[in-house]
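All values below were derived from every heavy atom in this structure, side-chain atoms included, with hydrogens, water molecules and symmetry-related copies excluded. Just so we're on the same page: letters track the sequence lines, and every chain starts at 1. These numbers were taken from a predicted model, which means no experiment stands behind them.
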Number of protein chains: 2
Amino acid sequence: MTEANKDAVDAITDQWHAVRPDLDTVPMAVFGRINRIARAVSDEMERTYNRYGVSLGEFDVVATLRRSGAPYTLSPRQLSATLMLTSGGMTGRLDKLEKAGLLCRNPDPNDRRGLQVTITERGLKLIDEAVAAGLEVQRAALSGLAGEEVEALSGLLRKLMAGVG
Amino acid sequence: MTEANKDAVDAITDQWHAVRPDLDTVPMAVFGRINRIARAVSDEMERTYNRYGVSLGEFDVVATLRRSGAPYTLSPRQLSATLMLTSGGMTGRLDKLEKAGLLCRNPDPNDRRGLQVTITERGLKLIDEAVAAGLEVQRAALSGLAGEEVEALSGLLRKLMAGVG
DNA sequence: TGTAAGTAGCTTAGCGCTAAGCTACTTTTC
DNA sequence: GAAAAGTAGCTTAGCGCTAAGCTACTTACA
């Protein structure tokens with residue numbers, strides 16, 4: 001690691017090393033970079049989806065319905081479980097998306113407590129454009145890595161996630 | 001990739017592949033895992049710091065002062081710039097930390113607009129214990145990876161961050 | 001030296017989330 | 001079939017953040 005290649009996370013670990021040389025700074029460097037990458041790419045995705053009139057969180061709702069396949073119908077409960085969101089948070093997202101005409105809520109014919117959430121024609125059209133735009137942001141973020149590097153990274157992340165999930 | 005090793009992110013990419021086989025799902029798998037790892041580890045760190053009476057965000061403030069070295073003094077502006085936070089958010093964190101007796105605000109002798117934020121004795125003691133506990137959480141999260149795997153992951157993340165920062 | 005521009009930290013309104021609790025309905029148990 | 005327990009989605013209060021705008025002060029320039 002030459003002086004010139006140091007980044008913002010190196011600056012932090014260097015500072016820690018100077019005041020607490022007893023600490024192993026490798027773990028904080030790994031997760032510091034993971035956090036910064038996650039944040040930077042999410043911010044970029046947010047801006048991208050905003051151009052389609054939805055937030056990243058709202059996109060996730062429509063995307064979950066889209067990838068569930070025809071007839072693009074799930075209950076609010078299934079959605080909030082998948083998106084790791086409370087029912088209160090889900091209600092808010094569904095309210096906005098329904099008002100925007102991207103999905104609709106209908107009573108569940110088999111359980112009068114429940115609802116069925118379905119993508120509208122307009123929602124389907126929007127998600128199929130927006131998902132491609134989002135993927136392009138992610139592809140661009142990975143463009144500095146060679147194919148085999150992406151492969152290696154993917155494998156290491158899978159292994160790491162297995163240990164924290 | 002055998003059937004048994006599939007994880008939650010594989011389930012998502014498999015669904016996408018079924019309904020949109022034209023999409024390249026490799027980028028979304030990489031960032032999906034990065035997001036989930038970041039969230040899972042941050043949640044665990046939050047719980048760890050809570051045991052010391054501070055949130056993760058409040059910890060970050062005291063940690064930034066700590067690693068700046070003696071006399072552990074920075075301006076609110078320096079802190080909010082380092083932590084990528086607005087001045088309003090910083091005011092709130094400083095209010096709580098000052099009330100908790102972990103730091104104090106003093107007028108800047110050289111600039112009557114400014115303040116100097118300094119760790120208290122109590123704050124210094126707390127941060128030196130809490131930072132070790134936080135590092136242990138991160139170390140444990142990496143424990144499933146061999147030394148050379150951590151090394152490789154670290155290098156790939158550095159390269160990826162350089163392309164998104 | 002007077003004025004304009006810049007920068008300090010704080011305040012307020014608004015947003016999206018969680019946690020707790022509600023009503024309505026279904027399922028289980030006796 | 002009645003009572004108890006569980007589960008559906010929604011409402012509310014509260015939290016932490018941002019964006020915008022405030023006052024107070026410093027710096028740069030004519």
Side-chain angles (χ1 to χ4, degrees), chain A residues 35-36 38-40 42-47 49-50 53-62 64-65 73-100 102-118, chain B residues 35-36 38-40 42-47 49-50 53-62 64-65 73-100 102-118:
Chain A
N35 284 329
R36 280 164 186 257
R39 175 163 178 170
S42 292
D43 286 355
E44 180 78 21
M45 305 270 283
E46 179 81 54
R47 285 188 290 273
Y49 296 139
N50 286 171
V54 291
S55 71
L56 195 156
E58 289 155 13
F59 169 89
D60 283 340
V61 175
V62 188
T64 302
L65 287 163
T73 297
L74 293 170
S75 69
R77 184 120 310 252
Q78 287 174 303
L79 287 166
S80 59
T82 302
L83 298 172
M84 297 183 283
L85 201 68
T86 59
S87 66
M90 200 68 239
T91 297
R93 288 193 192 176
L94 293 179
D95 285 349
K96 283 206 204 94
L97 290 166
E98 192 170 31
K99 189 176 288 187
L102 302 176
L103 52 77
C104 55
R105 281 188 267 210
N106 296 115
D108 182 333
N110 301 316
D111 186 338
R112 266 191 288 177
R113 294 170 304 177
L115 293 178
Q116 288 183 336
V117 179
T118 305
Chain B
N35 284 329
R36 278 163 188 256
R39 174 162 180 172
S42 292
D43 285 355
E44 180 78 23
M45 305 270 284
E46 177 82 54
R47 284 189 290 272
Y49 297 138
N50 286 171
V54 292
S55 70
L56 194 156
E58 289 155 14
F59 169 90
D60 283 340
V61 175
V62 187
T64 302
L65 288 163
T73 297
L74 293 169
S75 69
R77 185 120 309 253
Q78 288 174 303
L79 287 167
S80 59
T82 303
L83 297 172
M84 298 184 285
L85 202 66
T86 60
S87 65
M90 199 69 237
T91 298
R93 287 193 192 175
L94 294 178
D95 284 350
K96 282 206 205 95
L97 289 166
E98 191 170 33
K99 189 175 288 187
L102 302 176
L103 52 78
C104 55
R105 281 188 268 209
N106 295 115
D108 182 333
N110 301 317
D111 187 339
R112 266 191 286 177
R113 296 170 304 176
L115 293 178
Q116 288 183 336
V117 179
T118 305

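Regarding B/L56, its CG atom lies at a distance of 13 Å from the P atom of D/dG16, rounded to whole Å. Rounded to a whole Å, the CG atom of A/L94 is 11 Å from the P atom of C/dC17. Atom-to-atom, CG of A/L79 to P of D/dC10 comes out at 11 Å; the value is rounded to the nearest Å. Distance, B/E46 CD to C/dC17 P: 17 Å, rounded to whole Å. Protein atom CG of B/L83 is 11 Å distant from nucleotide atom P of D/dT18, rounded to whole Å. One can place CG of A/D108 at 19 Å from P of C/dA24, the figure rounded to the nearest angstrom. The distance from atom CG of B/D60 to atom C1' of D/dG16 is 14 Å, rounded to the nearest whole Å. A/L74 places its CG atom 15 Å from the C1' atom of D/dG9, with the value rounded to the nearest Å.
Remark: B/R93 is in phosphate contact with D/dC17, judged by side-chain N or O atoms under 4.0 Å from OP1 or OP2. Taking only side-chain nitrogens and oxygens, A/K96 comes nearer than 4.0 Å to OP1 or OP2 of C/dG16. Residue A/R105 has a polar side-chain atom (N or O) positioned under 4.0 Å from OP1 or OP2 of D/dC10. Phosphate contact (OP1/OP2 of C/dG9, side-chain N/O of B/R77, threshold under 4.0 Å): present. For the OP1/OP2 pair of D/dA24 and a distance below 4.0 Å, the side-chain nitrogens and oxygens of B/R112 include no atom meeting the criterion.
Of all non-hydrogen atoms in B/P76 and B/M90, the two that sit nearest each other are O-CG, 3.8 Å.
For D/dC10, the base has a donor-acceptor partner in the side chain of A/S87 [N/O atoms by modelled type, under 3.5 angstrom]. Not a single donor-acceptor contact under 3.5 angstrom links the side-chain atoms of A/R113 to the base of C/dT26.
Across all strands, B/G92 comes closer than 4.0 Å to no nucleic acid atom at all (heavy-atom distances). Within 4.0 Å of A/S80, counting heavy atoms only, lies no atom of the nucleic acid at all. Residue A/S55 is classed as having no contact, given no heavy-atom separation below 4.0 Å to the nucleic acid.
When each of A/D111 and B/N110 is assigned the nucleotide of DNA chain D with its nearest heavy atom, A/D111 is the one assigned upstream, toward the 5' end. Mapping B/T91 and A/L85 onto DNA chain C by nearest heavy atom places B/T91 closer to the 5' end of the strand.
A 4.5 Å side-chain heavy-atom check between A/V61 and A/L103 finds at least one atom pair inside the cut-off. Counting heavy atoms from C-beta on, the side chains of B/V54 and B/V62 never come closer than 4.5 Å. Side-chain contact between B/E44 and B/R47: present, with at least one pair of heavy atoms (C-beta onward) separated by less than 4.5 Å.
To the nearest 0.5 Å, the span separating OG on A/S55 from CG on A/L97 amounts to 7.5 Å.
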